[in-house]
Amino acid sequence: MIRVITYGTFDLLHEGHYRLLERAKRLGDYLIVGVTSEEYDQTRGKLNVVDSLMTRIENVKRTGFADEIIVEESPGQKFQDIKKYNIDIFTVGSDWAGQFDYLKDYCKVVYLDRTKNISSTMLRMKGMSIQRIGIIGTGRIANRFVPEAALVSGVNTQGVYNPHLESAQLFADKWGINAYENIEELYNASDIIYVASPHETHYEYIKQALEHGKHVLCEKPMCLNKSESEKLFELARQKGLVLFEGIKTAYCPGFIKLLGIACGGMIGAIRDVEACFTKLEGADKRELKNIKYGGSFTELGSYCLLPILKIFGHDYEDIRFETIKDSRGIDIYTKAYLRYPNGLATAICGLGVKSEGRLLISGTKGYIVVEAPWWKTNYFEVHRENPDDVERFSERFLGEGLRYEISDLLSTINGDKKKDFKLTRGDSVTMAGIMENFLHQQNRKEQE
Ligand code: CTP
């Protein structure tokens with residue numbers, strides 16, 4: 001008996017899949033089909049798979065060609081499966097030609113002609129146009145953004161604008177996109193504007209972009225002022241546009257899992273959240289040069305406030321800041337203390353002071369600790385009174401993590417409201433209010 005195996009996602013099962021399975025079955029007597037798990041697809045950058053694993057398995061089953069269906073969960077699995085299931089022939093479509101030749105030592109490898117003019121990607125995009133992204137700003141984060149956006153199907157980075165054309169041109173040449181000298185040209189060529197310019201310029205750019213009818217993703221902190229933040233969300237609502245604040249942690253799967261476990265009673269009622277993020281930066285870096293809006297809290301505060309606001313909410317009773325400044329008056333280390341009716345919280349940010357950057361959530365039955373880089377949540381532990389009673393959780397965090405927020409932005413634009421809870425308008429407005437409060441206190445102290 002000749003045993004054949006093939007693999008795929010089989011999302012929105014189409015004629016190409018059907019024909020592939022039909023021919024795969026004909027290669028032998030017994031066909032095993034490996035269907036990729038959701039988690040595995042995410043690692044491969046397939047973030048927009050529509051059908052659930054169950055539906056995809058059901059659809060493969062319904063073709064009648066599979067004698068057995070298994071789930072493919074990791075990249076090394078094919079080799080193991082070939083041994084485990086005693087496989088004679090491994091087959092996939094010709095879009096993979098050559099890529100599985102390394103399996104030839106273990107079984108025969110056959111690449112079947114791919115059916116032309118059909119793919120899951122095409123079906124997913126049917127009725128949905130590709131969203132063109134225009135970037136404002138050419139700094140470090142914008143450089144991380146472009147390769148991450150390339151992993152999300154349904155978006156295309158169109159071009160970049162920087163008031164200094166030379167910087168825009170350098171960035172554009174590096175990434176093979178357009179450089180725009182005139183911002184109107186960027187708006188005309190884009191559906192989404194990604195604002196990655198200095199903090200204090202965000203408001204004007206977002207307002208302009210919304211007025212031009214563009215969706216907006218803005219780097220944190222989106223606003224340094226509560227009423228400005230409210231105005232922008234209101235403008236977006238009136239225009240039927242999506243406005244997202246880009247705090248990557250909020251959208252990453254590990255952080256969502258962490259919140260679920262923290263708020264699900266596993267450590268009892270939560271009484272304290274301590275979030276610390278420090279990084280030592282050279283004095284020439286933007287965040288340490290901008291006397292008015294730079295410094296550790298405006299730079300890193302959004303990350304530390306995120307778990308606090310997600311766990312305790314927006315109605316804190318009191319907030320107090322303690323800051324250490326450098327000789328130029330820039331905050332290099334700040335602690336924000338928040339008091340809630342039933343809990344305390346501390347956000348600790350440093351650009352000139354290094355500390356152990358971790359997130360600690362304490363409750364009436366135990367605590368959760370997430371070590372640095374907790375803002376790229378991929379592992380955390382739940383501890384209780386008995387030191388041996390430790391539960392460990394892990395989750396994938398891929399690349400720079402920006403792909404998660406881009407993918408959520410795209411699904412929200414395409415009408416999926418399910419992801420709204422991750423970073424709400426209320427979260428962003430409250431953060432802007434805290435930034436405003438902080439800057440106000442800083443300026444007041446300077447005048448005294
Ligand atoms: N396949 C095919 N002809 C097509 C599409 C897919 O022969 N037109 C084959 C692939 O080569 C693979 C199997 O079907 O062996 C499963 O492919 P999968 O990646 O699930 O399908 P795609 O339509 O290529 O999906 P996507 O667009 O998401 O990459």
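Remember, it's a predicted structure, so these values are computed and weren't measured experimentally. Start at 1 and go down the list; that is how both ligands and their atoms are numbered.
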Sub-4.0 Å heavy-atom contact, His14 with ligand 1: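 Distance cut 4.0 Å: His14 passes for ligand 1.
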Listed once per pair and sorted, the salt bridge (charged side-chain N to carboxylate O under 4.0 Å, His left out) pairs that draw on residues 239-266, sequence neighbours left out: Lys257-Glu395
Nearest protein heavy atom with distance in Å, relative to atom 10 (C) of ligand 1: Asp95 OD1, 3.7 Å
Residue portion contacting ligand 1 (non-hydrogen atoms closer than 4.0 Å) for Thr121: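 It is both parts that get close, each with some atom under 4.0 Å.
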Polar contact flag for Arg23 and ligand 1 (N/O pairs, less than 3.5 Å):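 Arg23 vs ligand 1: no N/O contact under 3.5 Å.
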Any donor-acceptor pair under 3.5 Å from Glu148 side chain to Arg403 backbone: yes
Short side-chain to backbone donor-acceptor contact, His383 and Gly366, under 3.5 Å: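 Side chain of His383 to backbone of Gly366: no pair is present.
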Ligand-residue contact atoms, ligand 1 with Ile118, heavy atoms, under 4.0 Å: 4 (C), 5 (C), 8 (N)
Main-chain N/O of Gln158 paired to Asn156 side chain as donor or acceptor, under 3.5 Å: no
Minimum side-chain heavy-atom gap Phe277-Cys349 below 4.5 Å: no
Minimum heavy-atom distance Leu224-His199, with the two atoms named: CD1-CB, 4.0 Å
Protein heavy atom at shortest distance from atom 9 (C) of ligand 1: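 The answer is Leu20 CD1, 3.8 Å.
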Residue Val92 vicinity, atoms of ligand 1 by number, heavy atom under 4.0 Å: 15 (O)
Check against side chain to side chain donor-acceptor pair (under 3.5 Å), Thr9 and Thr36: CA-CA 5 Å; Thr9 302; Thr36 51; 3.2 Å; yes
Heavy-atom proximity to atom 12 (C) of ligand 1, best of Ser119, Gly93, Ala97: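 Comparing heavy atoms across Ser119, Gly93, Ala97, the nearest one to atom 12 (C) of ligand 1 lies in Gly93.
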Worked verdict on Thr115 versus Asp113 for side chain to side chain donor-acceptor pair (under 3.5 Å): CA-CA 6 Å; Thr115 308; Asp113 278 347; over 6 Å; no
Atom indices of ligand 1 within 4.0 angstrom of Thr9 heavy atoms, with elements: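 Reading through ligand 1 atom by atom, the close ones are 20 (O).
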Protein contact of atom 20 (O) of ligand 1 - nearest heavy atom, named by residue and atom, plus distance: Phe10 N, 2.8 Å
Heavy-atom closest contact (Tyr180 atom, Gly159 atom, distance):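 So the minimum-distance heavy-atom pair works out to CE1-CA, 3.7 Å.
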Closest approach of any protein heavy atom to atom 21 (O) of ligand 1, naming residue and atom: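 I find the closest protein heavy atom is His17 NE2, 2.9 Å.
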Shortest protein heavy-atom distance from atom 5 (C) of ligand 1, along with the residue and atom involved: Arg114 NH1, 3.2 Å
Option with minimal heavy-atom separation from atom 23 (O) of ligand 1, where the choices are Gly16, Ala24, Ser120, Gly8: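 It is Ser120 whose heavy atom sits nearest to atom 23 (O) of ligand 1.
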Residue and atom name of the nearest protein heavy atom (relative to atom 29 (O) of ligand 1), distance in Å to one decimal: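 Of the protein heavy atoms, Lys46 NZ, 3.4 Å lies nearest.
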